[in-house]
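The sequence lines fix the lettering, A, B, ..., with proteins before strands; numbering per chain opens at 1. The figures here come from the full heavy-atom set of this structure, side chains too, leaving out hydrogens, waters and symmetry mates.
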Amino acid sequence: MIKAPVLQSLLASRDDVIHNPEFNNFRATEQECLYLLKRCKNIEEFKQVHARFIKLSLFCSSPFSASSVLSTCAHSGWDTSMHYAASIFRVIDDPCTFDYNTMIRGYVNETSFEEALRLYIEMVEKGIDPDNFTYPCLLKACTRLKSIREGKQIHGHVFKLGLEADVFVQNSLISMYGRCGEMALSSAVFEKVESKTAASWSSMVSSCARVGMWSECLNLFREMCRETNFKAEESGMVSALSACANTGALNLGMSIHGFLLRNISKLNIAVQTSLVDMYAKCGCLEKALEIFKKMETRNNLTYSAMISGLALHGEGEAALRMFSEMIEEGLESDHVVYVSVLNACSQSGLVIEGRRVFEEMLKEGKVEPTAEHYGCLVDLLGRAGLLEEALETIESMPIKQNDVVWRSLLSSCRVHGNVELGKIAARELLKLSSQNPGDYLVISNMYAQAQMWEDVAKARTEMANKGLKQTPGFSMVEVKGKTHRFVSQDRFHPQRKEIYKMLHQMEWQLKFEGYSPDVTQILVNVDEEEKRERLKGHSQKVALAFALLYTPPGSIIRIARNLRMCSDCHTYTKKISMIYEREIVVRDRNRFHLFKGGTCSCKDYW
DNA sequence: TTAGGGTTAG
């Protein structure tokens with residue numbers, strides 16, 4: 001008789017167990033058999049040993065042992081192990097809840113989500129009660145399949161069976177609803193969780209980040225820090241950093257960075273990348289570069305964060321160098337990296353380089369160009385005034401034209417005053433999408449610039465008829481930890497008197513420096529004086545006056561605005577940076593402008 | 001008697 005340890009060593013030495021003559025005399029207990037099965041190295045070995053045990057009648061005498069064998073096989077993780085597990089499962093006379101759970105989990109682990117759902121239905125039809133172990137896996141299957149309908153039905157079952165209070169089930173529900181975009185349902189479950197675990201928080205925080213609910217994400221994150229007593233959770237930090245990047249919350253981003261440095265000895269690549277992105281998007285390009293350079297390993301995501309960061313700051317050439325560096329490091333570009341690079345070229349007017357990158361992308365053929373890539377190319381050409389070529393690009397697109405490419409052409413036509421081409425772009429754009437108030441504004445501004453007031457009125461009427469309202473422009477500035485928001489001709493701020501006095505003073509100094517207001521930027525049919533008045537009160541200027549009054553001399557002024565800057569505000573801010581000897585960073589809709597000593601980092605190309 | 005949930009960056 002061969003003892004279990006002998007067989008164990010046979011298995012370990014990978015001998016052919018089946019052909020070993022001693023094997024026929026093998027006797028072992030069920031536990032020993034199970035132990036040996038667990039020691040198998042692959043599914044073939046497992047099958048052979050399992051078959052031999054059955055032949056020797058050593059095994060499967062009890063339902064419990066059958067369940068154990070099934071579970072060992074189903075969770076082994078080998079390729080095709082679920083196939084064999086299914087054959088074991090099918091010969092079990094009365095599969096119990098545990099067996100179904102085993103199979104469902106096995107299928108979910110090997111990403112056969114439909115199969116998992118199918119088995120659940122079979123289980124319910126056979127009248128076998130699912131338990132609290134069934135649902136987490138099953139809900140994960142729904143999450144991955146984005147099967148919200150099935151997910152909701154299953155939630156109903158959970159409720160009926162009284163399993164709604166199980167924290168594992170709850171966490172799976174939070175994630176399922178969150179990933180399927182049902183944020184209200186997701187947070188409804190979250191609210192019900194009595195003792196929230198790290199998993200509850202991270203599913204909720206990351207769900208918010210994924211759907212772009214940035215302020216909710218940050219509020220939850222703050223709450224999480226309070227409730228969990230600042231327990232370091234990398235995934236939550238990454239989601240929060242991403243929210244900071246997207247809302248420009250530099251101070252919070254910096255405190256998260258500080259927290260990470262104090263509590264985590266080695267930051268992983270995702271955390272580091274989100275730091276690079278956060279600093280770049282919050283206007284601290286130097287800091288982003290510093291972190292980027294110190295990183296031991298970088299991937300596509302790291303590079304694309306850095307490249308788009310450079311693009312945001314108008315550092316097109318540096319972005320291109322970064323792109324070459326990435327290729328030299330042996331990393332392959334993907335569609336997002338191409339978007340970043342093309343965008344960088346576009347922001348800096350690097351037409352030749354941008355065209356070359358686009359052509360290389362086509363030639364390499366590894367990345368299928370999307371409408372987004374064409375959008376970048378159209379933008380690149382259009383901004384540079386190559387409007388005909390931009391139109392040709394759109395017309396030659398091998399994929400469906402979308403609103404983005406026409407919108408981009410339209411806005412270039414407005415900038416370069418080509419009404420004829422602009423009309424074509426406007427027509428095509430409105431065919432594809434007519435719910436965007438911004439589109440009507442660009443159209444009406446284009447006509448206004450050409451003094452075509454009738455067409456302006458037509459566009460405005462059409463917009464009003466559709467019930468679309470103009471997004472009011474605003475500028476935000478942080479002073480002593482508090483964010484102040486100003487609209488154009490702001491009359492609401494408690495310090496308005498001082499602010500307007502300051503504006504008046506600034507204007508005098510500007511006049512000495514040869515500034516004269518550019519009234520062509522006021523695209524409304526009013527008289528010259530009214531135009532001057534309106535120009536004077538642009539929200540950025542109001543914010544600037546406020547910042548000059550209430551921030552220490554020499555400190556950097558950071559302004560964030562929701563719309564693109566008009567060229568008068570641009571000239572104005574350049575002069576102010578010189579007169580008051582201040583660095584002024586303005587983040588507009590598309591990019592950053594760093595004003596310093598009378599010049600801007602965008603080199604007047606934006 | 002066996003087992004389960006979340007998670008991150010461009």
Side-chain angles (χ1 to χ4, degrees), chain A residues 30-31 34 38 62-72 74-75 96-106 108-109 130-140 143 163 166-176 178-179 186 189-190 193 196-207 209-210 217 221 224 233-246 256 260 264 267-278 280-281 288 291-292 295 298-312 322 326 331 333-341 343:
Chain A
E30 275 191 358
Q31 274 93 339
L34 192 63
K38 282 188 178 158
S62 73
F64 179 72
S65 69
S67 294
S68 302
V69 175
L70 181 69
S71 152
T72 307
H75 304 323
C96 60
T97 302
F98 180 83
D99 299 327
Y100 273 100
N101 290 352
T102 300
M103 289 302 287
I104 290 173
R105 190 153 75 97
V108 171
N109 287 344
D131 63 9
N132 52 332
F133 286 93
T134 315
Y135 290 106
C137 264
L138 190 67
L139 288 166
K140 192 172 168 184
T143 307
L163 298 170
D166 185 290
V167 71
F168 286 81
V169 177
Q170 287 171 319
N171 293 343
S172 311
L173 283 167
I174 294 168
S175 170
M176 192 265 295
R179 283 221 182 188
S186 180
V189 178
F190 179 75
V193 184
K196 297 175 173 66
T197 61
S200 323
W201 285 105
S202 61
S203 346
M204 200 64 232
V205 171
S206 74
S207 292
R210 209 175 301 114
C217 175
F221 175 76
M224 177 180 102
E233 253 270 306
E234 283 185 341
S235 70
M237 301 281 169
V238 171
S239 299
L241 282 171
S242 164
C244 291
N246 284 286
I256 294 175
L260 287 165
I264 296 176
L267 301 181
N268 70 27
I269 194 163
V271 175
Q272 289 177 306
T273 303
S274 50
L275 282 168
V276 168
D277 189 47
M278 184 277 291
K281 287 214 176 100
I291 296 170
F292 179 86
M295 285 173 74
R298 307 177 188 103
N299 61 17
N300 286 8
L301 284 86
T302 321
Y303 271 99
S304 93
M306 199 63 252
I307 291 170
S308 50
L310 288 163
L312 266 179
M322 198 57 91
M326 179 185 121
L331 293 164
S333 180
D334 64 17
H335 71 281
V336 187
V337 177
Y338 275 123
V339 169
S340 311
V341 177
N343 197 23

### Task
Give A:Ala198 one of three labels, base, sugar-phosphate or nothing, depending on what nucleic acid heavy atoms sit under 4.0 Å from its own.
base

### Summary
d(A:Phe98 CZ, A:Phe133 CZ) to nearest 0.5 Å is 9.5 Å

### Message
Side chains of A:Thr134 and A:Asp131 only: does a donor on one sit below 3.5 Å from an acceptor on the other?
### Response
yes

### Task
Classify the nucleic acid contact of A:Ser206 as base, sugar-phosphate or nothing, counting any heavy atom under 4.0 Å across all strands shown.
sugar-phosphate

### Query
Which nucleotide span of DNA chain B, 5' end to 3' end, has atoms closer than 4.0 Å to non-hydrogen atoms of chain A?
B:dT1 to B:dG10

### Message
Once side chain to side chain donor-acceptor pair (under 3.5 Å) is applied, do any residues pair with A:Thr197, and if so which ones, sequence neighbours excluded?
### Response
A:Asn171, A:Ser200

### Message
By the 4.0 Å heavy-atom rule, please label A:Ser203 as base, sugar-phosphate, or nothing.
### Response
sugar-phosphate

### Query
With ring centroids as reference points, do A:Phe221 and A:Trp201 lie under 6.0 angstrom apart?
no

### Message
Under 4.0 Å, counting only non-hydrogen atoms across every strand here, what does A:Leu275 touch: a base, just sugar-phosphate, or nothing?
### Response
nothing

### Task
For A:Asn101, answer base if it contacts any base atom (sugar-phosphate contacts may also be present), sugar-phosphate if it contacts only those atoms, and nothing otherwise; contact means non-hydrogen atoms under 4.0 Å.
base

### Task
State, with a plain yes or no, whether a side-chain heavy atom of A:Asp277 is found less than 4.5 Å away from one of A:Leu241.
no

### Task
Give the minimum heavy-atom separation between A:Ser340 and A:Ala311, together with the two atoms involved.
O-CB, 4.4 Å

